[in-house]
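Here the structure is laid out as structure tokens; the discussion comes afterwards.
Since the structure is predicted, the reported quantities are computational estimates derived from the model, not experimental observations. In what follows, chains are A, B, ... by sequence order, proteins preceding strands, each numbered from 1.
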Amino acid sequence: MDYQFKDIEQKWQQFWADNQTFKAEDKTTKPKYYVLDMFPYPSGAGLHVGHPLGYIASDIFARYKRLKGFNVLHPMGYDSFGLPAEQYAIQTGQHPAVTTEDNIATYRRQLDQIGFSFDWSREVRTSSPDYYKWTQWIFMQLFNSWYNKAADKAESITKLVEHFEKNGSAGVNAVCDEEILSFTADEWKAMSSNSQQEELLKYRLTYLRESTVNWCPALGTVLANDEVKDGFSERGGYPVEQKKMMQWSMRITAYAERLLQGLDTIDWPEPLKEMQRNWIGKSIGASVRFPIEKPAHNIELNAHYIEVFTTRVDTIFGVTFMVLAPEHELVAELTTPGQKANIEAYIAQTKKKSELDRMADAKTVSGAFTGSYVLNPLNGELVPIYIADYVLAGYGTGAVMGVPSGDQRDYLFAKHFNLNIVPILDTQNITTEADPTKEGKYINSDFINGLTYKEATAAVIAKLEEIEAGKAKVNFRMRDAIFGRQRYWGEPVPVYFKEGLPHLISESDLPLLLPEVDKYLPTESGEPPLARAEGWKHPDGEYELSTMPGWAGSSFYWYRYMDAHNDKEFASKEAIAYWRDVDLYIGGSEHATGHLLYSRFWNKFLKDIDLVIEEEPFKKLINQGMIQGRSNFVYRLIDEEGRGTNTFVSHGLIGQYKTSPLHVDVNMVENEVLNINKFKAWRDEYSNAEFILENGKYICGVEIEKMSKSKFNVVNPDDLIARYGADTLRMYEMFLGPLEQSKPWNTNGIEGVFKFLRKFWRLFHNDAWVFTVLGAEPTKAELKSLHKIIRKVEEDVERFSFNTSVSSFMIAINELTDLKCNNRRVLQDLVITLSAYAPHICEELWVMLGNEAGTLSYAAYPKFNPAYLVEDEFAYPISINGKTKMNLNISLSLEPKEIEEFVLANADVKKYLDGKQPKKVIVVKGRIVNMVV
RNA sequence: GCUCAGAUGGUGGAACUGGUAGACACGCAGGACUUAAAAUCCUGUUCCCGUUAAAGGAGUGCGGGUUCGAUUCCCGCUCUGAGUACCA
């Protein structure tokens, strides 16, 4: 029979499901291999051809590893909490759980069609209570932990309490809030229980912190940064303001150094590691205290100094002003009566701007003088204090020292406010802009005059430490992560409040179920949707009303797959001891500073409290490239009055007419040729369209854009599978190019892959489509083709070069077709080799070859034998001055000297040399002969 | 601005450690089979000059360098894509 991909694929997909072919074993002597895909958010739009790219690659890898004798864990699930389902619920009233369920069903159907070897018995959904029970449980562990810097790990909060009871706060070296109390053991014991809890909250790894959020009063809701455009809500266009709120936060900064160091131990793409490094943003510098000059308004101040962080402490003698963030806590105190109006106006103006606007508007200089001064701690000079919104409250200390000679931003600021600009290096040229150079010797700089950068930095820090005005300091850009959203469709936080203090619910009450609400909107008073839940109340207090952010559920899910149905633990000790970590993780780079960072953080925490074994969760990571859309256009002719007509001009001719481009559905275009009948049928208005053709065809224009419905460039895998089958789709997606490269989707070449699979099928059949395979001894040529591909696939898969394997398969099949190969031994090995890429057709042929159904997935990958590839001759390229002129067959047993003689004796070579003797002859054995004349 | 990745025929791409540039496939052109189409098969296809063929020349974004030899290594630039930013 001809290649009936539809029947074959359905049959085997059913077989795999019925027989649980890909169920991973938890107890086996085989070595383990864990291949993980980033689980998808099940969106309403379903899958387009870009989504499965990474899944196909990981599936090929997983299947390959099974053939190589590994016990492979290759699971799939859904990151099913998220905003779109909630948005949809707000609009339609449909419960997000229902929407999510529907979407998952669509995803599952689409995934099944592609023939993935997932172990579905381990499926997880982050929105299912038996899953988020463990998300909540891990939150509780974080709440019950603090970071001990001395041990450089997280420890139980009870250990901290023990320390307080014995020694008070002395000797505690923790990552914690800034305003912690100092107390003795007796003072601690004398504290009320509530005061103790209040103090402990400053140490916990998840804690409450006042954070600013984008608050939209009209919508009564908090918005994400990308939902705000120019200070107005994207939805509705209402004004948005910055509002302070108590929010749950995660003390990820405790792990900053370990997150940075860990990057050197994992096999991830360098650009991705670089992104995380930048995000963590370690900078080494110094903190310096500038004493406040007695203020002009003569009020007794609480603060006596302003602390700044700088990476260029060597420039301290160039300081001519100081700038505070408008939100800095000392601003009010420092403002003199004369400057009060100015400062308040400036603060009001800043408040209106979102953080994004403040960053975007980098060009204009703005600020206001407080009227107060600090003293330079090293030379006692008076330094005026300004506020300006280019200084961010959230970074460093929220205050910077202004060195206009060395920093361009400070330079502009100084020019604008007419402040001094003092050069500090003899090489500095500061006539038109700042010069941040570190070369040269210091000038105007007191005791560091004449020193170099390195010497000066060390000298200044030593002096500052001596006079207790500063010290060397490491600063991180990364901030603690906010862990709360004022939304409905997320994990409830397992916390209730009593007398204003948070308490964990009892572990036996987990999961804390997401309650039902009448509407998915905030309440009239601006409380989150959970406030609408009737009767949702803890016996001892009020539940937390915010839910966890999107990244909560995805920060440990790879452990849940190890033991997905365990209701005692998130995964058993044994399961974790066996599977340990993810060997290969495939997904998009868009998660670089979100999911991938938070996951590493939680993993390190779980290791600290001895729940997991590995410091890093994902040993190797591959980013698949984005599949872009490829839009097609028709060109509508514009008449003299500038109105659109119903005539369309082919792309090659648009230079001769006045036209306007129009997106056209890519599914009616093949190889840029428009299917005119489909176009006419597309919409009524085009039913009597006319066309100006070239060579009898209408050629469409092409542009690369994001894949989206509105651009009519979405290609659905279902359509392609219906037309060519899953095996063709799988191979074609790989054939498209290197996995890690972003590329536009283009269906044009898919025929070639389809033809290839048919040709492969034909190898096993005679002209009448009767299965015909002979058991004879394979020929040398057949074995050579076979072993070439065995080696090639092995090499390619190990380095994730799937596109080149597909080419090589084509070459192998072309060769074997030419050899009229129908040898059982050769073809059977070929089936195993190809099965990772095109599993359905291979399963079918495997059974036809007389093997037991379903055993192919666990067959042994053929052993490569180099003996079959040994050549005794090689067609040496003979080149003169690096240009190849001809090829000569020469025995590979000849040594370079003999080759040279043989080549020089050749009549054709003599002709090229034209009687001259080459100056030099380079012979590389098995590669090339080059003559220099 | 900074960081990273990339640029090869009409198209997607190959060339793994410096050694025959353009594998494989699409498209296109021509042909066979066919009443016709589909399917299949064959031939050609980097460009220029020339043309029955041959022979020549140029050629991997641009300019330079190292080398017997560079798509590959080095220096400078242009463009494209991604990430990121008043980070002190």
(request) Quick one: list whatever passes ring-ring contact (aromatic ring centres under 6.0 Å, His included) with A/F309, sequence neighbours left out. (result) none
(request) Scan A/N814 against the nucleic acid and name what it touches under 4.0 Å (heavy atoms): base, sugar-phosphate only, or nothing. (result) sugar-phosphate
(request) Check each of A/T747, A/N748, A/N746 against A/I750 using the side-chain contact (heavy atoms from CB on, under 4.5 Å) test, and report the only one that passes. (result) A/T747
(request) Consider the side chain of A/D389, meaning its heavy atoms from C-beta on, and name the nucleotide among B/A23, B/A88, B/C86 that approaches it most closely. (result) B/C86
(request) Using the criterion of both pairing distances under 3.5 Å for Watson-Crick and G-U wobble pairs, give all stems of 3 or more consecutive pairs involving RNA chain B. (result) B:1-7 with B:78-84, B:10-12 with B:24-26, B:27-32 with B:40-45, B:46-48 with B:56-58, B:61-65 with B:73-77
(request) Could you check how far CD of A/Q408 sits from C1' of B/G1, rounded to whole Å? (result) 11 Å
(message) Checking contacts here: which listed nucleotide (B/C86, B/A88, B/G83) is nearest the side-chain heavy atoms of A/Y390?
(response) B/C86
(message) Please report the distance separating the C1' of B/G59 from the corresponding atom of B/G1, rounded so that it comes out in whole Å.
(response) 36 Å
(message) Between B/G31 and B/C24, how many Å separate the two C1' atoms, rounded to a whole number?
(response) 24 Å
(request) Go through the structure and list residues passing ring-ring contact (aromatic ring centres under 6.0 Å, His included) with A/F760, not counting sequence neighbours. (result) A/F764
(message) Nearest whole Å is fine: how far is B/G6 C1' from A/N623 CG?
(response) 15 Å
(request) Looking only at side-chain atoms of A/L392, point me to the closest of B/C68, B/U84, B/C86. (result) B/C86
(request) Not counting sequence neighbours, which residues clear side-chain hydrogen bond (donor to acceptor under 3.5 Å, both in side chains) with A/N475? List them please. (result) A/Y395
(request) Among residues two or more places apart or on two chains, list those pairs meeting salt bridge (Lys or Arg N to Asp or Glu O under 4.0 Å) that have a residue in residues 809-820 of chain A. (result) A/K788-A/E815
(message) Does the protein touch nucleotides 11-21 of chain B at the base, only the backbone, or not at all? Give it as B, S and - per nucleotide, heavy atoms under 4.0 Å.
(response) -BSSSB--BBS
Would you mind writing out the side-chain donor-acceptor pairs for residues 920-933 of chain A within the sub-3.5 Å range, not counting sequence neighbours?
{"residue": "A/K925", "atom": "NZ", "partner": "A/E895", "partner atom": "OE2", "Å": "3.1"}
{"residue": "A/N930", "atom": "OD1", "partner": "A/S879", "partner atom": "OG", "Å": "3.1"}
{"residue": "A/N930", "atom": "OD1", "partner": "A/G882", "partner atom": "N", "Å": "3.0"}

(message) Between C1' on B/C87 and CZ on A/R479, what's the gap in Å once rounded to a whole number?
(response) 10 Å
Give me, pair by pair, the N or O atoms of the protein and of nucleotides 39-45 of chain B that are less than 3.5 Å apart, along with how far apart they are.
{"residue": "B/A39", "atom": "O3'", "partner": "A/R758", "partner atom": "NH2", "Å": "3.2"}
{"residue": "B/U40", "atom": "OP1", "partner": "A/R758", "partner atom": "NH2", "Å": "2.5"}

(request) Please state how far atom CG in A/L757 lies from atom P in B/A25, giving the value in whole angstrom units. (result) 13 Å
(request) Please list all pairs passing the salt bridge (Lys or Arg N to Asp or Glu O under 4.0 Å) test where one or both residues lie in residues 743-753 of chain A, with sequence neighbours left out. (result) none
(request) For side chain to side chain donor-acceptor pair (under 3.5 Å), just list the numbers for A/D796 and A/S805, CA-CA rounded to whole Å, side-chain angles, deciding distance to a tenth of an Å, and then say yes or no. (result) CA-CA 6 Å; A/D796 285 353; A/S805 293; 3.2 Å; yes
(message) Run the ring-ring contact (aromatic ring centres under 6.0 Å, His included) test against A/H787 and tell me which residues pass, sequence neighbours left out.
(response) A/Y868
(request) Can you tell me, in whole Å, how much space there is between the P of B/G61 and that of B/G10? (result) 13 Å
(request) Assign B/G9 to syn or anti; the rule is syn for a glycosidic angle within 90° of 0 and anti otherwise. (result) syn
(message) Between B/U8 and B/U46, how many Å separate the two C1' atoms, rounded to a whole number?
(response) 10 Å
(message) Test of understanding: with salt bridge (Lys or Arg N to Asp or Glu O under 4.0 Å), list the residues that count as partners of A/R277, not counting sequence neighbours.
(response) A/D264, A/E270, A/E274
(request) With sequence neighbours excluded, tell me which residues meet ring-ring contact (aromatic ring centres under 6.0 Å, His included) with A/F864. (result) none
(message) Please give the distance between the C1' atoms of B/U20 and B/A39 as a whole number of Å.
(response) 37 Å
(request) Salt-bridge test for A/E871 and A/K784: reply yes if a basic N is under 4.0 Å from a carboxylate O, no otherwise. (result) yes
(request) Starting from P on B/G1, measure out to CG on A/L412 and report it in whole angstrom. (result) 16 Å
